[in-house]
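The sequence lines fix the lettering, A, B, ..., with proteins before strands; numbering per chain opens at 1.
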Amino acid sequence: MPAVLTVDPRSGVPIYLQIIEQVKRSVALGVLQAGEQLPTVKQLSIDLTVNPNTVARAYRELEREQVIETTPGRGSFVRPDGVAESPRVAADIGRAALTAALREAKAVGLGRDETRALFEAVLERWFPTEST
Amino acid sequence: MSTITISNLHKRYGSVAAVDGVTLEIPTSSVFGILGPNGAGKTTIFKCMLNLAQPNAGAIRYEGRPLSAPLFERIAYVPERSVLYDWMTIAEHLEMNRRAYATFDSGRAGELLEQFNVDRRKRARALSKGMRTAAMVAFAFARNAEVLILDEPTGGLDPVNQRHVLSLMINEAARGNSVIFSSHQIGQVERAAERIAIVDRGRLVLEGLVDDLKADRKIVEGIFPDTRFRLDGIADDARVARTDRTERIVRLLVTAGADEIAQRLSGTGATAVRVLDLNLEDIFLYAVSPATATTDVIAEERVL
């Protein structure tokens with residue numbers, strides 16, 4: 001697997017959630033492909049210098065969410081349907097980022113209409129409507 | 001299965017209660033971090049675990065049994081203060097360890113000394129504090145012990161060697177062994193430890209999985225239009241561990257249900273409500289008396 005995982009232990013976000021988020025993102029972006037093998041729990045814990053049980057917890061959650069599958073003795077792999085799920089994962093990532101942005105807009109005291117106007121302006125910049 | 005259970009441990013030195021009723025379970029295959037201000041009782045807990053200090057009350061059990069000579073063989077200890085003999089070379093210390101412990105791996109010790117750049121021809125007194133720590137760590141990790149008790153195992157080490165010690169600890173946990181360590185460098189504990197205990201003035205003030213503590217404990221902050229605001233009983237909620245008010249700002253330390261409490265705070269008229277994540281340093285500073293904790297941590301973090 002490409003060395004795409006990094007964690008920031010000093011962040012307030014639990015390390016196992018950081019690992020889950022990054023594996024999902026890598027799958028959604030195609031950095032990790034169907035059937036691709038993930039490092040073993042031990043290897044990843046040594047690579048990231050984080051506790052092996054923390055990595056194991058992230059892998060268990062990724063299995064439960066059917067992003068990866070683990071075969072005893074062989075290792076952990078990205079599920080084919082884990083990749084098929086990637087549009088949903090991409091939507092989840094987008095929703096979380098938008099939620100954070102809108103919460104911030106509300107926190108600084110913007111109203112619904114002002115926020116909508118800002119959203120439309122930013123949307124236009126990144127997703128321009130076809131002029132033809 | 002939990003390897004080590006510490007139940008209701010008390011240890012007094014004269015009129016000082018160094019450890020005052022600590023109960024802990026330390027699991028196998030894990031790195032367990034003990035945090036606390038200077039004089040909190042961390043070293044005394046370690047000494048009691050090793051029978052180097054006799055508890056006044058309470059018990060320590062390894063897999064349900066009290067510490068015995070055969071068990072002692074399976075425990076490696078790195079004390080905070082150097083226990084190297086000034087007049088002996090590191091090579092002589094290595095030989096002494098080889099004779100003392102049946103499971104000591106001299107080859108591994110040599111490798112580790114090399115990785116830490118410890119010159120084994122030198123006498124201990126000629127080594128810096130960091131190099132002495134490194135030598136003791138190398139000997140401990142060459143013991144093939146099942147339990148490693150490490151009191152400030154990165155004291156005086158440079159960042160590269162500090163990271164190397166963390167990797168060794170993680171490697172031991174991955175092999176199924178138990179590592180218990182203390183450090184003032186919270187970033188290291190945050191990275192390597194799965195579970196932590198915070199002790200302050202001899203008492204356990206917080207214990208849990210680092211990731212769960214971060215997931216549950218949040219700051220809910222609200223800013224009000226003026227200084228005359230009411231919290232409508234939010235501060236009395238069992239999940240609100242602490243309330244700090246300054247002028248128009250209120251900050252609540254919550255131990256669960258941050259989003260729900262944030263909603264309630266919005267309902268009281270707060271204009272800007274935010275939920276803030278806490279890292280382990282924040283959690284630590286909230287857990288111990290701020291006056292001691294702040295000076296302690298800032299002074300130690302500067303070492304990095």
Cut-off 4.5 Å, heavy atoms of chain A, and the answer for B:Ala192 is backbone
**Study point:** Sidechain N-carboxylate O distance under 4.0 Å for A:Arg57, B:Asp212
**Key:** yes
Output for pair (A:Thr54 OG1, B:Arg195 CZ), nearest 0.5 Å, gives 11.0 Å
Applying a strict 4.5 Å limit to non-hydrogen atoms, the region of B:Leu213 in contact with chain A is neither
For atom CD of A:Glu124, is the number of surrounding heavy atoms from other residues, nucleotides or ligands below 6.0 Å larger than 12? yes
Looking only at B:Glu190, B:Arg217, B:Arg191, B:Lys218, the option with the highest number of non-hydrogen pairs under 4.5 Å against chain A is B:Arg191
* Asked: Are any side-chain N or O atoms of B:Lys214 and backbone N or O atoms of A:Ser11, one a donor and one an acceptor, separated by less than 3.5 Å?
  -> yes
In short, A:Asn53 meets B:Ser29 closest at the heavy-atom pair ND2-O, 3.0 Å
Are there more than 12 heavy atoms of other residues, nucleotides or ligands under 6.0 Å from atom CD of B:Glu111?
-> yes
Any salt bridge linking A:Glu104 with B:Arg274? Criterion: basic side-chain nitrogen under 4.0 Å from a carboxylate oxygen. no
Cut-off 4.5 Å, heavy atoms of chain A, and the answer for B:Ala193 is backbone
Exercise. In terms of heavy-atom contacts, does CZ of A:Arg116 have more than 12 from other residues, nucleotides or ligands at under 6.0 Å?
Worked result: no
Cut-off 4.5 Å, heavy atoms of chain A, and the answer for B:Val31 is both
### Message
Are A:Val13 and B:Asp277 packed together at the side-chain level, in the sense that at least one heavy-atom pair is separated by less than 4.5 angstrom?
### Response
yes
Only one of B:Gln188, B:His164, B:Arg163, B:Met169 passes side-chain contact (heavy atoms from CB on, under 4.5 Å) with A:Thr49, and that residue is B:Arg163
So, the part of B:Arg175 with a heavy atom under 4.5 Å from chain A: the answer is side chain
Minimal heavy-atom distance between A:Asn51 and B:Ser30, with the atoms involved, is ND2-C, 4.3 Å
- Query: Does any N or O in the side chain of B:Asn279 come within less than 3.5 Å of the main-chain N or O of A:Gly12, such that one atom is a donor and the other an acceptor?
  - Reply: no
- Query: Can you check whether A:Lys42 reaches B:Asn171 side chain to side chain, under 4.5 Å on heavy atoms?
  - Reply: yes
So, the part of B:Leu278 with a heavy atom under 4.5 Å from chain A: the answer is backbone
